[in-house]
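FYI, the numbering just counts along the sequence from 1. Both counts, for ligands and for their atoms, begin at 1 and track the order of listing. Keep in mind that the numbers below use all heavy atoms, side chains included, and drop hydrogens, waters and symmetry copies.
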Amino acid sequence: MNDRGQEGRAGGRAAADVVAAVVRPEIRALTAYAVAKADNLVKLDANESPFPLPAALRAKIAAAIADVAFNRYPDGPADEVAAALRALLPLPGGCGLILGNGSDELIQIIALALARPGAVVLAPEPTFVMYRMSALHAGMRFVGVPLTAGFALDVDAMQAAIERERPALVFLASPNNPTGNLFAAADVERILRAAPGLVVVDEAYGAYTDDSFVPRVGRFPNLLVLRTLSKIGMAALRLGYAVAAPEWIAELNKVRQPYNLNALTQAAARVLLAERALLAQQAAAIRAERARLTEALSALPDVKVFPTDANFVLVQVPDAPSWFARLRAAGVLVKNVHGSHPALAHCLRITVGTPAEDDALLAALKAMA
Ligand code: PMP
């Protein structure tokens with residue numbers, strides 16, 4: 001028996017009592033983000049790329065990882081990866097760049113940097129859930145503004161909320177998750193001009209559209225563009241990045257952990273980011289397959305397909321929980337977003353897969369009708 005005693009007690013206290021005394025009620029009320037297990041299922045639930053890496057490229061990555069000095073800390077600012085990203089995009093001259101352990105980490109860093117008593121995070125809803133979560137983690141107040149019925153930004157309502165709440169931080173995911181649509185650039189620009197604080201334009205799905213706010217970074221002093229490699233074939237790496245004026249990046253670097261990007265990720269990223277042709281070809285293939293998939297889905301009775309600019313498509317069906325379960329039983333995993341927001345009633349979010357995976361989905365859906 002150790003000094004905590006048989007029941008995990010020291011000095012007569014139970015862990016649950018200490019937790020209740022010191023962990024904030026809003027954290028205790030949360031449920032941890034659940035990631036579905038996809039063993040042996042066609043995986044269309046997480047907006048990943050469906051393409052595995054070619055064998056020759058895997059061998060190159062293995063060699064690069066074998067060269068990593070495992071006894072040393074990684075390069076803190078990940079300068080070589082940052083230089084490779086600057087070359088790949090390219091980024092506008094003079095803008096700052098910060099890398100994160102996925103864009104999830106950058107969302108958290110941004111919230112932590114801007115948190116102060118009473119500070120507000122504002123975002124349209126429904127949108128990516130981590131904006132609300134990260135605001136809550138940082139002790140900020142989250143204000144959601146409903147999108148229009150067609151999932152466009154309600155700019156007048158956003159502007160009124162901005163004037164009322166004076167948010168330190170606004171998040172706009174464009175294309176938006178889980179609705180899939182790109183917001184009109186003019187609407188985003190109006191919000192940039194109205195907002196007193198930072199506006200994050202999250203382009204996690206930017207590879208699947210033609211427009212980007214990266215070139216506008218120099219024009220708006222309060223614009224930060226967030227991107228990730230997760231949706232273009234490198235979800236396992238956990239590598240996201242933010243582009244903004246150097247003044248913003250300097251502050252965010254003070255909140256970033258010194259070694260947030262591990263050396264294995266950095267080694268693999270240096271190899272992968274040189275594969276410009278492969279990345280472009282895979283994104284083009286996914287866009288072509290998206291067109292085929294959305295057309296085939298639209299032809300199904302009882303399936304309403306929302307327009308998408310991302311590598312996934314939102315659909316509405318007569319009974320999402322039952323359709324989700326039946327798809328799963330047929331070997332296809334999608335994301336059931338029913339219940340997460342009233343505007344998403346009976347909606348499923350389906351990632352664009354390979355043609356064979358999408359055929360499996362379509363066959364399963366046809367069998368249900
Ligand atoms: N932003 C949006 C809009 C997303 O949908 C996601 C992934 N679900 C992320 C950011 C986070 O991506 P990652 O942490 O993999 O870069």
Asks: What side-chain donor-acceptor pairs closer than 3.5 Å can you find for residues 310-323, not counting sequence neighbours?
Replies:
from   : atom 1 : to     : atom 2 : distance (Å)
Asn311 : ND2    : Asn47  : O      : 3.0
Gln316 : NE2    : Ala345 : O      : 2.9
Asp319 : OD1    : Ser322 : N      : 3.4

Asks: If hydrophobic clusters are built from ILVMFWY residues whose side chains come within less than 4.5 Å, do Leu112 and Tyr241 share one?
Replies: no
Asks: If we count only N and O atoms by modelled type, under 3.5 Å, do the side chains of Asp202 and Tyr131 hold a donor and an acceptor together?
Replies: yes
Asks: Which is it for Val42 and Leu361 under the side chain to side chain contact (heavy atoms under 4.5 Å, CB included) test, yes or no, and what are the steps along the way?
Replies: CA-CA 8 Å; Val42 173; Leu361 165 88; over 6 Å; no
Asks: Taking all non-hydrogen atoms of both residues, which atom of Glu203 and which atom of Val214 are closest, and how far apart?
Replies: OE1-CG2, 4.0 Å
Asks: Using ring centroids (six-membered ring only for Trp), state whether Tyr208 and Tyr205 fall under 6.0 Å.
Replies: no
Asks: Can you produce the list of protein nitrogen or oxygen atoms under 3.5 Å from a nitrogen or oxygen of ligand 1, alongside each distance?
Replies:
from     : atom 1 : to     : atom 2 : distance (Å)
ligand 1 : 1 (N)  : Asp202 : OD1    : 3.4
ligand 1 : 1 (N)  : Asp202 : OD2    : 2.6
ligand 1 : 5 (O)  : Asn177 : ND2    : 2.8
ligand 1 : 5 (O)  : Tyr205 : OH     : 2.7
ligand 1 : 8 (N)  : Lys231 : NZ     : 3.2
ligand 1 : 12 (O) : Ser103 : OG     : 3.2
ligand 1 : 14 (O) : Ser103 : N      : 3.1
ligand 1 : 14 (O) : Asp104 : N      : 3.0
ligand 1 : 14 (O) : Asp104 : OD2    : 3.3
ligand 1 : 14 (O) : Arg238 : NH1    : 3.4
ligand 1 : 14 (O) : Arg238 : NH2    : 2.8
ligand 1 : 15 (O) : Ser230 : OG     : 2.6
ligand 1 : 15 (O) : Arg238 : NH1    : 2.6
ligand 1 : 16 (O) : Ser103 : N      : 2.7
ligand 1 : 16 (O) : Ser103 : OG     : 2.7
ligand 1 : 16 (O) : Thr228 : OG1    : 2.6
ligand 1 : 16 (O) : Ser230 : OG     : 3.4

